[in-house]
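Notes follow once the structure below has been shown.
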Amino acid sequence: TVVTRLLDWDDDAALREVLAVGPFFAVVGAALKFEDYGHAVECAEECVKADPMYAKGRYRLGEALLKMAQKSEGVDTAILERWVRRSIDEGFKEASRLNPDSAEEARAHISDGEVYLQELAVRVKQMEKADVKADVEAEKESDAKGGSDIDKGGSDAGSADSNSDS
């Protein structure tokens, strides 16, 4: 990882990598603190790009994506779901794979993400039910408007039928 290579100061490549990852990692933490989740995700992605094996960078990516999904309003549920799945797979699971010592903490965030995915699924079902209900109501309203003419015609036909029965 970057930290172990940092100990070898004779390695210019390791120093360049630390300098590449360090600022992004620091900005991710600040962006999370100030709830600038979009910026946190961008910086975490740069951190991961600079060193894909940096567990803390992966962890912060998961954190930023999950928080962005949880705090976003008016965003399509499919996008929210993608963010949460990325937070789990590319963030927390990778972080715990790279650093097993952080696995317990990562599992807690994975659990939070899975709970949020379940909440999203419920929200989608509720929206689908609301859409169906709105469609049914619109159809009833349309039938009621068009149905008044049919009722008039039906009553005339009914009176003719009743006259012929007599």
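Both backbone and side-chain heavy atoms feed into the values below; hydrogens, waters and symmetry mates do not. Treat the numbers as computed from the prediction; the structure is a model and nothing was measured.
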ask   = Would you say E104 has more than 12 foreign heavy atoms packed within less than 6.0 Å of its CD?
value = no
ask   = Are I79 and V41 in one and the same hydrophobic cluster, where Ile, Leu, Val, Met, Phe, Trp and Tyr link if side-chain heavy atoms are under 4.5 Å apart?
value = yes
remark   = Minimal heavy-atom distance between V84 and G113, with the atoms involved, is CG1-O, 3.4 Å
note = Value for CD1 (I110) from NZ (K93), rounded to nearest 0.5 Å, stands at 6.0 Å
remark   = Shortest non-hydrogen pair, A44 vs V28, comes out as N-CG2, 3.2 Å
remark   = Looking only at heavy atoms, the pair that brings A64 and L32 closest together is CA-CD2, 3.7 Å
R60: partners by salt bridge (Lys or Arg N to Asp or Glu O under 4.0 Å), with sequence neighbours left out = E63
ask   = Could you state the interatomic distance from NZ (K71) to CG (L66), rounded to the nearest 0.5 Å?
value = 10.0 Å
query = Of the non-hydrogen atoms in P52 and L98, which two are nearest, and what is the gap between them?
reply = O-CD1, 3.7 Å
note = Value for NE2 (H39) from CE (M68), rounded to nearest 0.5 Å, stands at 13.0 Å
task = Give, for atom CZ of R58 and atom CG of D51, the distance between the pair rounded to the nearest 0.5 Å.
result = 9.0 Å
Note, E94 side chain near L61 side chain (heavy atom, < 4.5 Å) = no
request  = Considering only NZ, NE, NH1 and NH2 on the basic side and carboxylate oxygens on the acidic side, decide whether K49 and E45 come within less than 4.0 Å.
outcome  = no
Nearest-0.5 Å distance, CZ of residue R82 to CG of residue D89 = 13.5 Å
Side chains of E81 and T77 in contact at under 4.5 Å (non-hydrogen atoms) = no
request  = Considering non-hydrogen atoms only, spot the tightest contact between A95 and S102 and give its length.
outcome  = O-OG, 3.7 Å
inquiry  = If I take atom CG from residue L120 and atom CE from residue M127, how far apart are they, to the nearest 0.5 angstrom?
reply    = 9.0 Å
W83 versus V75, closest heavy-atom pair with distance = CH2-CG1, 4.1 Å
request  = Just grab all the ring-ring contact (aromatic ring centres under 6.0 Å, His included) pairs involving residues 103-145, residues at least two apart or on different chains.
outcome  = Y59-H109, F92-H109
